[in-house]
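I have placed the structure first, in the form of structure tokens, so that the comments after it can refer back to it.
Each chain gets a letter, A, B and so on, in the order the sequences are listed, and its residues count up from 1. Computed from a predicted structure; not experimentally measured. Any value given below was found using the heavy atoms of this structure, including those in side chains, with hydrogens, waters and symmetry copies removed.
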There are 2 protein chains.
Amino acid sequence: MFVLNDRPGFSAAEGTRLRVRNAAQKLGYRRSGLARALSTGRIYTVGVVLRMDDSHLYSVYAKDVLAAMARACRSAGLRLTFIPFPAEGGLMVDEVVDHRVDGLVLVSHYADEFARLVYASRFPTVSFGSGYAERLVGMDQCGGVREATRYLIDLGHQRIVHVSGGHPGSRAFEERRAGYLAGMETAGLVPHCYSFTEARASMQLAPQERPTAFVTYNDDIAWQLTVTARELGLRVPEDLSIIGFDNNVLAETAVPPLTTVENPLDAQAEGALKVLQCLWQGKEPPAMAPLATRLIHRQSTAAPPGLLSPLKDPTQ
Amino acid sequence: MFVLNDRPGFSAAEGTRLRVRNAAQKLGYRRSGLARALSTGRIYTVGVVLRMDDSHLYSVYAKDVLAAMARACRSAGLRLTFIPFPAEGGLMVDEVVDHRVDGLVLVSHYADEFARLVYASRFPTVSFGSGYAERLVGMDQCGGVREATRYLIDLGHQRIVHVSGGHPGSRAFEERRAGYLAGMETAGLVPHCYSFTEARASMQLAPQERPTAFVTYNDDIAWQLTVTARELGLRVPEDLSIIGFDNNVLAETAVPPLTTVENPLDAQAEGALKVLQCLWQGKEPPAMAPLATRLIHRQSTAAPPGLLSPLKDPTQ
DNA sequence: GTGAAAGCGCTAACAC
DNA sequence: GTGTTAGCGCTTTCAC
């Protein structure tokens, strides 16, 4: 009994200890993490609420977040329960706040109303990435995109276009856009924000008119753009520079590999867990400063075409 | 009290019912799924044990399996806990068999010794894909690859090579290989099984000597092979046909899109859950016949080069 | 040091 | 129908 529970300050002969263990095993005895959880109030499991993507099962972002959270949980001796948030229909708060997990990580964009209700329940909860503002462990998306834009400008680009993505109005959507706008404004260049369709159309303009660089919402879009460019006979990066966001597997495997803004998922995962741990100890966690992002240099960016010839009038 | 528990056969005025609900909510009352679990013996959660891939976080296969299981669980009103199986170090059986989940799904290849111990614990467990043989919900990998090989033969190929992958000795490794061997044998062709490195080297042989088609272990390898082929100046499928396995996102996005053997993950996920449900009801589930696979026709396969000219002596 | 008992928050079986 | 109670398997506290 006591040997099984490892009662502190219990000493038995090693022989006895072993015999008890064996007998227990033979009887098929397994300690119930469940009963322990009810008794201690901790089940050592965190729930990760992740929007189900209608597109390819789950996006590669979702998968990477899950992997990062899984790693962080494992280091922390925690288990991870995956709670998909259905695109339509959503989730009842009671479904998630029922103590089958010790805490919740709300990942990025899902209905804010849901997040509000979860926080209102006072259940230990933290937001991951670019989601609901309350108790958010996020990164400096705006700064990252600003740096990317700046980089293109330094290469000599002027007709730089931002290609939006994600959910309009979402934090990620707005901040990445804002980073681009800030970068352009600092350089005194006129900004253009396109949808994917508009970006595609713009590629078909005459060389003097079309954009020489795209700063995109994420790697998925950047990837699509490289494919489209190839189809249209444009070379990347010679004719067109493209920058992504996330630094996921697509950025690495694209042809050419994408210059992109790194999204520090592991750091965010650890940060999120740290917040939950504070909450479990009853302390209100300190506000987390957005994590720094950095630009990963690969082969999808270069000086704009014609830069070697004398600079022409940048009108238009 | 009873309205909160939805006691069967309890009838109160709707008004009262509502008032009670509101009061409860105001007090922040949440039903504890935990206590209920201890009481009923069901926590409505299944654990999915998935090998952590040292390579890209988790392989796309792992992600797709997780997605399929997540969908199946959701339809069944179950929650999914993700239990990563660390590549080195493994997992203690007690860690997983502790009643924080109702049952376990063991996905594909991890140490068989672990699987054996888990089954020995008599905890409700099922194997998914191509893993441990006991209570396995799998598909007909052998038949799928045989069909793929057959297809290439029908196109006129003769120098068809199998490119192995995965863990040598694992079920998946052996069965897919066996499917290839069977296909070749039926046609009276001599089989060659290469590693990825060998396959790569073979591409550099003279046109008359190099393979005209690869049947690969999975889409990841097939994808790599298309990249390698392009680097070497070989055209797919004009110079070289390639067939993958899994039909995952890589098969779709590869250039050209890959002909591949579909891995019916959703069906397997549902099957696995069905098995667990039997187990929960105390019935030993019927042995599941391997699910049928089918060949998805895309653009990475064509007749071998030179087929239009008179057939030359197929020596060598 | 070792045993007994209360209690975590539910469900299910049993009285009223 | 409606209230009461035992008990799920642990941890913790309190007696011995």
Side-chain angles (χ1 to χ4, degrees), chain A residues 1-21 23-45 47 77-79 81 92-104 121-124 279-282, chain B residues 1-21 23-45 47 77-79 81 92-104 121-124 279-282:
Chain A
M1 194 70 200
F2 297 138
V3 0
L4 294 173
N5 289 352
D6 277 328
R7 184 180 231 198
F10 174 83
S11 56
E14 261 320 300
T16 317
R17 185 164 240 135
L18 227 64
R19 271 193 310 132
V20 175
R21 281 245 159 81
Q25 183 157 16
K26 203 157 290 167
L27 287 169
Y29 169 82
R30 305 264 157 198
R31 211 155 143 180
S32 162
L34 193 53
R36 157 193 300 231
L38 182 58
S39 180
T40 60
R42 298 275 271 110
I43 197 170
Y44 297 99
T45 304
L78 262 20
R79 190 172 275 182
T81 288
M92 299 291 297
V93 176
D94 302 33
E95 288 183 77
V96 302
V97 185
D98 67 352
H99 296 276
R100 277 138 86 201
V101 294
D102 294 320
L104 252 18
S121 79
R122 323 236 53 205
F123 193 76
L279 257 17
W280 290 329
Q281 289 167 23
Chain B
M1 193 71 198
F2 297 138
V3 358
L4 294 173
N5 287 356
D6 277 327
R7 186 181 232 199
F10 174 83
S11 57
E14 263 318 301
T16 316
R17 186 164 239 137
L18 229 63
R19 272 194 308 133
V20 174
R21 283 245 159 80
Q25 182 157 18
K26 203 158 288 166
L27 287 169
Y29 169 83
R30 306 264 156 201
R31 211 154 145 180
S32 163
L34 193 52
R36 156 194 301 230
L38 182 57
S39 179
T40 58
R42 298 275 272 111
I43 196 171
Y44 297 100
T45 303
L78 262 21
R79 189 172 276 182
T81 288
M92 300 289 298
V93 175
D94 301 32
E95 289 181 75
V96 302
V97 186
D98 68 353
H99 294 275
R100 279 138 85 203
V101 295
D102 293 320
L104 252 19
S121 80
R122 324 233 54 203
F123 193 76
L279 257 17
W280 292 329
Q281 288 166 26

Indicate yes or no: at least one non-hydrogen side-chain atom of Asp98(B) is less than 4.5 angstrom from one of Arg30(A). no
Length of the line joining Arg36(A):CZ and dC10(D):P, which is rounded to integer Å: 9 Å
Over how many whole Å does the gap from Ile43(A) atom CD1 to dG9(C) atom P extend? 14 Å
dG7(D), dC10(D), dT11(D): which one has an atom nearest the side-chain heavy atoms of Ser39(B)? dG7(D)
Please report the distance, rounded to the nearest Å, between CG in Asp94(B) and C1' in dC10(D). 16 Å
Rounded interatomic separation in angstrom, taking NE2 from His99(B) and P from dC10(C): 21 Å
Does dG9(C) have its OP1 or OP2 closer than 4.0 Å to a side-chain nitrogen or oxygen of Arg30(B)? no
State, with a plain yes or no, whether a side-chain heavy atom of Ile43(A) is found less than 4.5 Å away from one of Ile43(B). yes
Smallest separation among heavy atoms of Arg79(B) and Val101(A), with atom names: NH1-CG1, 4.4 Å
Validation row: Arg100(B), Thr45(A) side chains within 4.5 angstrom (heavy atoms): yes
To the side chain of Thr40(B), which of dT11(C), dT11(D), dG9(D) is closest? dT11(C)
Interatomic distance, Leu34(B) CG vs dG7(C) C1' [rounded to whole Å]: 14 Å
Is the phosphate of dT11(C), meaning OP1 or OP2, less than 4.0 Å from a side-chain N or O of Arg31(B)? yes
Nearest-Å distance, CZ (Arg42(B)) to C1' (dA12(C))? 17 Å
Just the rounded figure in Å: distance from C1' of dG9(C) to CG of Leu38(A). 6 Å
